[in-house]
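In what follows, a structure is listed as structure tokens, so that the remarks can point back to it.
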Number of protein chains: 2
Amino acid sequence: MASNKRGKQSFLLPGRPVITAWASVAGKKESEGPLGYCFDVTSQDTLFGQKTWEQAEKQMQKMALDTLMSKAGITRQDVDLVFSGDLLNQCIGSSFTLRNTGIPHLGLYGACSTMAESLLLSAMAVEAGCVDRVVAMTSSHFAASERQYRFPLGYGGQRPPTAQWTVTGSGAALVCTEGNGPRIEACTIGTVTDLGIKDANNMGAAMAPAALSTIKAHLQDLGRSAEDYDLIVTGDLGQLGKEMLLELARQEGLALGGRLTDCGTMVFDLEKQDVHCGGSGCGCSAITLCGELLDKLNKSKLKRILFCGTGALLSPTSTQQGLPIPGVCHGVSIVCGRD
Amino acid sequence: MASNKRGKQSFLLPGRPVITAWASVAGKKESEGPLGYCFDVTSQDTLFGQKTWEQAEKQMQKMALDTLMSKAGITRQDVDLVFSGDLLNQCIGSSFTLRNTGIPHLGLYGACSTMAESLLLSAMAVEAGCVDRVVAMTSSHFAASERQYRFPLGYGGQRPPTAQWTVTGSGAALVCTEGNGPRIEACTIGTVTDLGIKDANNMGAAMAPAALSTIKAHLQDLGRSAEDYDLIVTGDLGQLGKEMLLELARQEGLALGGRLTDCGTMVFDLEKQDVHCGGSGCGCSAITLCGELLDKLNKSKLKRILFCGTGALLSPTSTQQGLPIPGVCHGVSIVCGRD
């Protein structure tokens, strides 16, 4: 086994697994935001025809998977594996999507870093020669998340200015050994970083140190600088978390050279859509990647990006027990189809 | 990238990643069971010195990881990655174990199949050359699980005869590119199987069809029969689920040739320990594997086993909403150190 490991946290993918198709499903509010133009499926019905918010989330994943297979011109039989996870307790969004489909499934929990985690593992599985076609997928739903993590919407709770708005959406990407499309060429696995933030309504602050740690490790492990990337895209720190990351990077002398952007600030119009600090949830970085970013990479409008999924690893139980919020961030370097 | 994929759900590992060390931590009841002789650490204090059941679970994982590193003669710096997950909402057992350790972490959710899932992914990561040393780890805690999935223990709820007893324990295995020990040579990824079982107190029945499906796929994909294995070890169907699996196998004409056993029936004395159908929880198959099974493989008392982690992918929310319980099972073929 030739070693592709680089530094402490990173590895290269000499086979350069290729993302041959991607699909995004988004809710009403997301369809009215700046990225509304690029989603494959949008719905005015936040229940997506289902009886519960949890089933609505399952339905979005189903639609994302079906749309993905349709765009790729394949059927369930052609999919060797789905890596997926979500924010619902016991990840029922993902397991109910895949039940009785006959598609092999490995479940993940990485909070809002799940799109990056599933993409990283998909690339790893292809590189190991274990699968030919694998799907990386995740989702989140505003109403399901609110009642699980905070209060049911009917309660009418106030949202502090640091709060983010959980994206209602699902994204899926097909990673293959062969084909045309953007390619995954290197990844960095994050460590669980906790600087003691305890405010479950300020998750950007909890995740910013993890994002910094992973971006630093990525550049250091691979001997690169921010200039090697057109974009370093975190997802989803939100406005405040992004500013904190920039400040932390400045303090450590890490030049991000104006390359940094954040899915939480891309997916909504922060001025007009009343979402306070921006979008969050697994679906946030998923629909940003599987909506705009992969399209731009495919058209060579972006040459190389570092996609950094950020997750706040809290639970209502840990919050009630007075524990801080650990953060994690995984980095995936994706290059344009024609380079 | 050479293809190691075999059939629909399986793959070979030509590099044969080696399990160089393993560690198990168990609670009081588990230490009094048939496997009590082989656990590395046991505790009479079910809180493991912590204030809450959730923190006790985190503490068990910490102890399993520390014991593993000590047995392997390595430090945190030498661990490239930990794959782990647990049953607690948002997997806080795992994330709080790893916070601020500096060890890269990818979180999983596979319910009670997590030990097999983490082992499978560890082997895949080593095979891809992405890491040199990776830990597969999981845990469960009886009291934390009861209050999360059913009722707090103080409520004194009655347990029906089909119920299983969540194991208080944690297991961890170190998978490496090089070294001595049992080797992982092939894996089968499970599909999410749901035959409509809705009783959250009868999870063996919910998981048995998934176990059958994965064992069948494994043997078929690799052109093998049950006779190629000394043991086919499911974990954790319990007594009733194991009988159901045998009956389902008989109906489909699949000969298991007396090879089948189940971690849920191995870890407790079903006659004497008042656990009804046997053990369950991520920790059940984890401490059985990282206690007795890997020891026996290492000493060539077992030549080859098929370790089949089984998971019931329910959540209290899905149960309350009247949904059935999907099951999943992942298979890992492990051969003895000297073959």
Side-chain angles (χ1 to χ4, degrees), chain A residues 1-5 8-9 11 15 51-52 54-55 80-81 85 87-92 95-96 98-111 117 120-121 124-132 148 177 187 189-194 313-318 321 323 326 328 330, chain B residues 1-5 8-9 11 15 51-52 54-55 80-81 85 87-92 95-96 98-111 117 120-121 124-132 148 177 187 189-194 313-318 321 323 326 328 330:
Chain A
M1 292 173 280
S3 179
N4 298 314
K5 184 171 179 271
K8 173 73 185 153
Q9 296 174 232
F11 56 88
K51 285 184 184 169
T52 66
E54 291 77 15
Q55 287 295 295
D80 298 330
L81 170 59
L87 293 174
L88 298 176
N89 288 343
Q90 285 72 52
C91 296
I92 52 171
S95 49
F96 278 82
L98 291 164
R99 68 175 173 151
N100 297 339
T101 58
I103 306 176
H105 169 55
L106 291 168
L108 309 179
Y109 186 77
E117 182 183 359
L120 178 157
L121 283 169
M124 196 185 263
V126 165
E127 187 71 34
C130 298
V131 292
D132 295 327
Q148 180 179 279
T177 43
C187 298
I189 307 169
T191 61
V192 182
T193 304
D194 172 18
L313 302 170
L314 81 167
S315 89
T317 306
S318 64
Q321 293 179 354
L323 297 171
V328 75
H330 306 297
Chain B
M1 291 174 280
S3 180
N4 299 314
K5 184 172 179 272
K8 174 70 186 156
Q9 296 174 233
F11 57 87
K51 286 184 184 168
T52 67
E54 291 77 16
Q55 288 295 295
D80 297 331
L81 169 60
L87 293 173
L88 298 175
N89 288 343
Q90 284 73 52
C91 297
I92 50 170
S95 49
F96 277 83
L98 291 163
R99 68 176 173 148
N100 297 339
T101 59
I103 305 176
H105 169 56
L106 291 167
L108 308 179
Y109 186 77
E117 182 183 359
L120 179 156
L121 283 168
M124 194 185 265
V126 165
E127 187 70 36
C130 298
V131 292
D132 295 325
Q148 180 180 279
T177 44
C187 299
I189 307 169
T191 62
V192 181
T193 305
D194 172 18
L313 302 169
L314 81 167
S315 90
T317 306
S318 65
Q321 292 178 355
L323 297 171
V328 75
H330 306 297

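Letters go in sequence order (proteins before strands), and every chain restarts at 1. Excluded from the calculations below are hydrogen atoms, water molecules and symmetry mates; all remaining heavy atoms, backbone and side chain alike, are included.
Within the 4.5 Å cutoff, side-chain heavy atoms of B:Leu323 are placed close to those of A:Gln55.
Most heavy-atom pairs under 4.5 Å with chain B: of the set A:Leu88, A:Val131, A:Asn100, this distinction falls to A:Asn100. The candidate from A:Gly190, A:Ala111, A:Cys91 with the greatest count of non-hydrogen atom pairs under 4.5 Å with chain B is A:Gly190. Among the candidates B:Ser318, B:Cys187, B:Ser95, B:Cys130, the residue making the largest number of heavy-atom pairs closer than 4.5 Å to chain A is B:Cys130. By number of non-hydrogen pairs under 4.5 angstrom with chain A, the leading residue of B:Met124, B:Gln148, B:Lys5, B:Lys51 is B:Lys5. Note: A:Ile92 leads A:Leu87, A:Ile92, A:Leu121, A:Asp132 in heavy-atom pairs under 4.5 Å with chain B.
Remark: the backbone N or O of B:Gln90 is not paired with any side-chain donor or acceptor of A:Asn89 at under 3.5 angstrom.
When heavy atoms are compared at a cutoff of 4.5 Å, A:Leu314 approaches chain B solely by way of its backbone atoms N, CA, C and O. For B:Thr52, the part sitting under 4.5 Å from any heavy atom of chain A is the side chain, from C-beta outward, and nothing else. For B:Leu120, the part lying under 4.5 angstrom from a heavy atom of chain A is the side chain only.
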For residues 101-110 of chain A, dump all side-chain donor-acceptor pairs below 3.5 Å to protein atoms at least two apart in sequence or in another chain.
unit_1: A:Thr101; atom_1: OG1; unit_2: A:Leu98; atom_2: O; d: 2.7
unit_1: A:Thr101; atom_1: OG1; unit_2: A:Ile103; atom_2: N; d: 3.2
unit_1: A:His105; atom_1: ND1; unit_2: A:Val82; atom_2: O; d: 3.2

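Listed by chain and residue number, A:Arg99 satisfy the salt bridge (charged side-chain N to carboxylate O under 4.0 Å, His left out) test with B:Asp194 (two or more places apart in sequence, or in another chain).
Under 3.5 Å, the side chains of A:Asp80 and B:Gln9 contain no donor-acceptor pair of N or O atoms.
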